[in-house]
Structures are given as structure tokens and as C-alpha cells.
Number of protein chains: 2
Amino acid sequence: MTNLITTFSALADETRFYLVEQLMTQGELPAGDLVAQRPISGPAVSRHLKILRQAGVVQQRIDGTRRLYSVRPESLKAISDWTIEKRAFWQAGLDRLETLLDEEQNT
Amino acid sequence: MTNLITTFSALADETRFYLVEQLMTQGELPAGDLVAQRPISGPAVSRHLKILRQAGVVQQRIDGTRRLYSVRPESLKAISDWTIEKRAFWQAGLDRLETLLDEEQNT
DNA sequence: GCAATATTTAACAAATATGTTAAATACAAG
DNA sequence: CTTGTATTTAACATATTTGTTAAATATTGC
């Protein structure tokens with residue numbers, strides 16, 4: 001529960017969200033490559049990566065002097081699971097909305 | 001895209017996450033009822049509700065002097081859609097993890 | 001060991017977020 | 001139209017976040 005909030009916090013920042021999307025599409029990448037794709041300094045990216053790591057969204061692997069980052073799939077699954085858990089609620093709501101819109105068209 | 005970040009921001013706070021969960025399980029509720037369930041002041045809750053509304057997570061309906069809040073299902077669906085869009089990535093990752101763990105058991 | 005490279009930590013400034021209490025607003029009821 | 005109730009806005013203090021530059025740390029290759 002509280003863990004989900006931490007995950008949302010981690011993704012609630014443009015830079016971090018972008019880093020995560022990059023890592024998902026490009027796979028494991030060294031910190032330096034991630035820095036190169038963002039308009040902020042290395043230390044800033046480094047701190048964002050630390051926040052993502054502490055939230056369990058990414059993991060780090062050491063290779064010589066480089067730090068290779070990748071997304072932990074479990075974190076994405078946790079979000080997915082939550083939306084599924086609440087699905088009964090929002091699915092019903094959307095269906096009701098759709099019905100209303102359909103009825104409007106038949107006017 | 002940027003809209004998702006706003007949604008995550010809205011849910012990245014204990015109070016707001018709790019408010020949203022309350023509204024999902026209990027349905028539409030007046031601001032006062034929500035205040036009663038939280039250990040913070042009315043104005044604080046009011047401002048959180050405003051943030052949720054600006055992020056499109058909740059909507060407000062006026063009934064006399066009361067403001068009735070409810071969750072907008074579209075916001076939940078947006079999150080769900082994102083996890084589905086990235087599913088190929090994290091599902092594969094989890095399967096690989098599971099395989100690794102299975103192999104470990106057979107050692 | 002020494003220089004070069006990759007990355008993080010430290011120190012600090014500026015912006016943002018969050019909570020509080022007091023005041024404002026809006027409607028309802030007598 | 002005055003009082004009471006529900007809620008939001010204003011003003012303000014404090015804490016957290018985010019970015020910057022400078023320094024520290026660790027590893028590689030001569």
C-alpha cells in the first residue's frame with residue numbers, strides 16, 4: 001500500500017519518468033548514457049537514479065567503473081495489480097459514461 | 001504522457017492516495033466526510049482535493065453548501081493503459097525471473 | 001603508482017509542497 | 001436579513017525537492 005505511494009512518487013517527476021521509459025525501451029544502460037539524454041547535470045541524474053533505486057523501480061549492476069541500470073519489472077507489475085484490483089470500480093464507471101454518451105447520440 | 005506524470009504526482013501523497021481509495025470504495029462523498037476521516041485540518045484536505053481535481057483524478061459536484069467528490073474512472077484507466085502498453089517489457093522480465101528461480105530450485 | 005574515466009556525495013541556493021489558523025464565501029433555515 | 005453550517009481561499013512557517021558546482025571515490029590502463 002505505502003509501497004505503491006513510493007512508486008508513484010518515483011514516477012511523479014518528468015526526469016525520472018523519462019529515465020524509466022528509456023530503460024524499458026533500450027534495456028540496461030550505464031548512468032553516463034542516461035545523463036547524455038537529459039538536459040541536466042550528471043549529479044542530478046545520479047540522484048534521480050538513487051531515488052528510483054530506493055523506490056525499487058530500478059536496479060543497479062556494477063561493471064568496472066560503470067553503473068548499469070535497468071527497470072525492475074516487479075514495480076510495474078505492482079501498479080498493474082493495483083489497477084486490476086480497482087478495475088471493478090473504474091470499469092463500471094466508464095461503461096456508465098459510455099452508455100450516457102450513446103444515449104445522447106440517440107437524441 | 002505528461003498527463004500521466006500529473007496523475008502519478010496526484011497519487012504520490014499519502015493523504016491524496018487515501019482520499020482516492022475512500023472515494024472508490026465508498027463512492028461519492030462530501031468534503032466534510034473526507035475531512036472527518038483524516039488527521040489533518042479541513043483546509044488541508046480541501047487543498048488536496050483541489051490538486052486531485054486539477055489532475056483530473058476526481059470531480060466535484062455541488063449540492064447546496066456541500067461539495068460532493070468522486071473519482072473519475074478515466075484517470076485510473078490511463079494508468080491501466082500505460083501498464084498494458086509496457087506489459088511486453090515487464091511481463092517478459094518477470095517470466096525470466098521466474099525461470100531463474102525455478103532453475104535455482106532444481107539445483 | 002599515476003593519470004584518465006565514470007559516477008556519486010557534499011554543500012548550498014532556489015523553488016515547491018504541505019500544514020496551520022484566520023478570514024472569506026455561499027447556501028439554508030428560521 | 002441574520003445566524004449557522006460547509007467549504008474554500010489567504011497568509012504564513014517549515015520541510016522537502018531539485019538543480020548547480022566542487023570534491024570525493026573507485027576502477028582501468030599504462
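Small disclaimer: the values here were computed from a predicted structure and weren't measured. Chain naming here is simple, since letters A, B, ... match the order of the sequence lines and numbering starts at 1 in each.
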Open item on the list: Strictly distance-based, threshold 3.5 Å: is any side-chain N or O of Ser80(B) a donor or acceptor partner for the main-chain N or O of Leu76(B)?
Closed with: no

Task: Along DNA chain D (nearest heavy atom to each residue), the more 5'-positioned of Pro43(A) and Asp13(A) - done: Asp13(A)

TODO: Rounded off to whole Å, could you give me the NE2-to-C1' distance for the His48(A) and dG19(D) pair?
DONE: 8 Å

- [ ] Considering non-hydrogen atoms only, spot the tightest contact between Gln59(B) and Val71(B) and give its length.
- [x] OE1-O, 4.1 Å

Task: Atom-pair distance (CG on Leu34(B); P on dT8(D)), nearest Å - done: 10 Å

Open item on the list: Both Arg67(A) and Arg16(A) contact DNA chain D. Which one's nearest nucleotide lies toward the 5' end?
Closed with: Arg16(A)

Open item on the list: Can you measure Lys50(B) atom NZ to dT7(D) atom C1' for me and round it to whole angstrom units?
Closed with: 12 Å

Task: Closest listed nucleotide, where the reference is the side chain of Ile40(A) and the choices are dG19(D), dT5(C), dT9(D) - done: dG19(D)

TODO: Output the single nucleotide from dA11(C), dT7(D), dT21(C) whose closest atom is nearest the side chain of Arg47(A).
DONE: dA11(C)

Task: Interatomic distance where CD belongs to Gln54(B) and C1' belongs to dT16(C) [whole Å] - done: 14 Å

Open item on the list: Starting the side chain at C-beta, find the nucleotide from dG19(C), dT7(C), dT8(D) nearest to Ser46(B).
Closed with: dT8(D)

TODO: Kindly assign one of parallel, tilted or perpendicular to the pair Phe8(B) and Phe17(A), based on the angle between their ring planes and the thresholds 30° and 60°.
DONE: tilted

Task: Between P of dT18(C) and CG of Leu52(B), the distance in whole Å - done: 10 Å

Task: Integer-rounded Å distance: dA6(D) P and Leu49(B) CG - done: 16 Å

TODO: For the side chain of Thr65(A), starting at C-beta, report the closest nucleotide among dT20(C), dT8(C), dA6(C).
DONE: dA6(C)

Task: Heavy-atom side-chain contact between Ile84(A) and Thr83(B) under 4.5 Å - done: no

Task: Atom-to-atom span, OH of Tyr69(A) to C1' of dT7(C) - whole angstrom - done: 8 Å

Open item on the list: Taking any heavy-atom pair under 4.0 Å as a contact, classify Ala31(A): base, sugar-phosphate, or nothing.
Closed with: sugar-phosphate

TODO: Measure from CG on Leu68(A) to P on dA26(D) and round the result to the nearest Å.
DONE: 18 Å

